[in-house]
Amino acid sequence: MASMLEFRTAGFNPYAVKYSPYYDSRIAVASAANYGIVGNGRLFCLGLGPQGVQVQKTFDTNDAQYDLAWSEINENQLLAACGDGSVKLFDLTIDEFPVMNFHEHKREAYAVAWSPVTKDTFASSSWDGTVKIWSPARRESLRTLPVGNCTYSTSYCPSNPNIISAVSTDSHLRIFDLRTPVNAQYHLTTKIPVHQPPPVPMPPGVSPPSMPAEILTHDWNKYRDTVIATGGVDRVLRTFDIRNPTAGPASIMMGHDYAVRRLAWSPHAADILLSASYDMTVRLWTDGSTMATDQSPPVKPGLQLGIMNRHTEFVTGVDWCLFGVGGWVATAGWDERVLLWDANMMLQGRG
């Protein structure tokens, strides 16, 4: 792979990397000292220029940082999810301290996501088994959605601000609809057992494990707004259509040797996604939804299009650049490195 830019987060192990939704040259990294076990966290804001990748700003926190999200209403603001349970809002025009501190989670805040539609709320999930909805203008949460077990990831539907998803240790994908009554279900409308085999035959040669396993990551497809991809400890990527929650996975992608830590659908193509894993690789996939077949099986076997193995430790973060020719990605790992590279190099061989 010819073109690759690198930045070292010396002394800090990255947990997440995100491109700015405003600039193709701005990237943020959430990181932790000592692999997040003990010690401080540091939020890096990086700028891409003629001299390569340069630090524009850093913000230190007393505890590890596990995730981040750029504000959708202010180009200079971003959130960090911290190990003390807090979510902190930082402003690049203000030095050192957060402009807001949202602290209700009782355990580590592990994921944060900003609403891409109304842009006036964000969600956080925590090891305390809850998802909380916040307004950046007030310190108290707007709602709390109980999951009941360690919740690793939460996200907004890209087309409907009332629909929020979460994945957790109990091997289930949950969908909450804030328009429903707050009854005993607390807005929970769909609960999909990710590990459960589909009721239809599998494609030849595809046999994913059917034991429950922790789900560590998920993401909504940017073009098919009812499709979600999940990944976790059983090393398998699966896609689900939430319109038919009992149908099982729509496609299955296998190839990672260890747990899938993070995945991200491409903002440029409906069938392309990236996954980052504890096997130190980043893999590029098509979920098979656009591949022409004579007899399309009910469960599509996804296809691995390429592999990037330049990281030398767990890969924990991956994100796509929204701009440009539509292939630049950022990856980050515990090797204290952030790598920027062009996934189009892998895509060129696709038929």
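Hydrogens, waters and symmetry mates are skipped; everything else that's a heavy atom, side chains included, is used.
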For the student: nearest non-hydrogen atoms of [X] and [Y], plus distance:
| X | Y | answer |
| --- | --- | --- |
| Cys150 | Ser168 | O-CB, 3.0 Å |
| Thr312 | Arg337 | N-NH2, 4.0 Å |
| Ser159 | Val117 | C-CG2, 3.8 Å |

Flag the pair [X] and [Y] as a salt bridge only when some basic side-chain nitrogen lies within less than 4.0 angstrom of an acidic carboxylate oxygen.
| X | Y | result |
| --- | --- | --- |
| Arg224 | Asp287 | yes |
| Asp91 | Lys57 | no |
| Lys222 | Asp225 | no |
| Lys18 | Asp67 | yes |

Testing the 3.5 Å rule here: is there a donor-acceptor pair between the side chains of [X] and [Y]?
| X | Y | result |
| --- | --- | --- |
| Thr226 | Asp241 | yes |
| Glu75 | Tyr23 | yes |
| Asp177 | Thr189 | no |
| Ser141 | Glu104 | yes |
| His195 | Ser171 | yes |
| Ser289 | Asp271 | no |
| Ser165 | Trp220 | yes |
| Ser275 | Trp285 | yes |
| Lys132 | Ser124 | no |

Report task. Return each pair, listed once, that meets salt bridge (charged side-chain N to carboxylate O under 4.0 Å, His left out) where at least one residue sits in residues 144-172; pairs must be two or more places apart or across chains. Result -> Asp170-Arg174

Query raised in the report: Just wondering, are more than 12 heavy atoms of other shown residues or ligands nearer than 6.0 Å to NZ in Lys119?
Result: yes

Report task. Assess whether ring pair (Phe, Tyr, Trp, His ring centres under 6.0 Å) is satisfied between Trp334 and Tyr15, documenting all intermediate values. Result -> CA-CA 7 Å; Trp334 276 8; Tyr15 265 86; 5.7 Å; yes

Query - Side-chain heavy atoms of Met280 within contact of Arg310, under 4.5 Å - result: no

**Report entry** pair Leu145-Ile133: side-chain heavy atoms closer than 4.5 Å
**Finding:** yes

Report task. Fit a plane to each ring of Phe314 and Tyr278, take the angle between them on a 0 to 90° scale, and name the class: parallel (under 30°), tilted (30 to 60°) or perpendicular (over 60°). Result -> tilted

Side-chain polar contacts of residues 32-45 - donor-acceptor pairs under 3.5 angstrom, sequence neighbours left out - could you list them?
| unit_1 | atom_1 | unit_2 | atom_2 | d |
| --- | --- | --- | --- | --- |
| Asn34 | ND2 | Val38 | O | 3.0 |
| Arg42 | NE | Asp60 | OD1 | 2.7 |
| Arg42 | NH2 | Asp60 | OD2 | 3.0 |

Query - With sequence neighbours excluded, residues passing salt bridge (charged side-chain N to carboxylate O under 4.0 Å, His left out) with Asp128 - result: none

Query raised in the report: Could you walk me through whether Val55 and Phe7 pass the side-chain contact (heavy atoms from CB on, under 4.5 Å) check?
Result: CA-CA 9 Å; Val55 176; Phe7 177 81; 3.3 Å; yes

Query raised in the report: Testing Asp279, Thr316, Asp335 for side-chain hydrogen bond (donor to acceptor under 3.5 Å, both in side chains) with His311, which one passes?
Result: Asp335

Requested in this report: For this output row, return yes or no: ring centroids of Tyr19 and Trp320 closer than 6.0 angstrom.
Outcome: no

**Report entry** Main-chain N/O of Pro267 paired with Tyr223 side-chain donor or acceptor, under 3.5 Å
**Finding:** yes

Query raised in the report: What's the verdict on ring pair (Phe, Tyr, Trp, His ring centres under 6.0 Å) for Phe97 and Phe90, showing C-alpha distance, side-chain angles and the deciding distance?
Result: CA-CA 7 Å; Phe97 298 109; Phe90 292 98; 9.3 Å; no

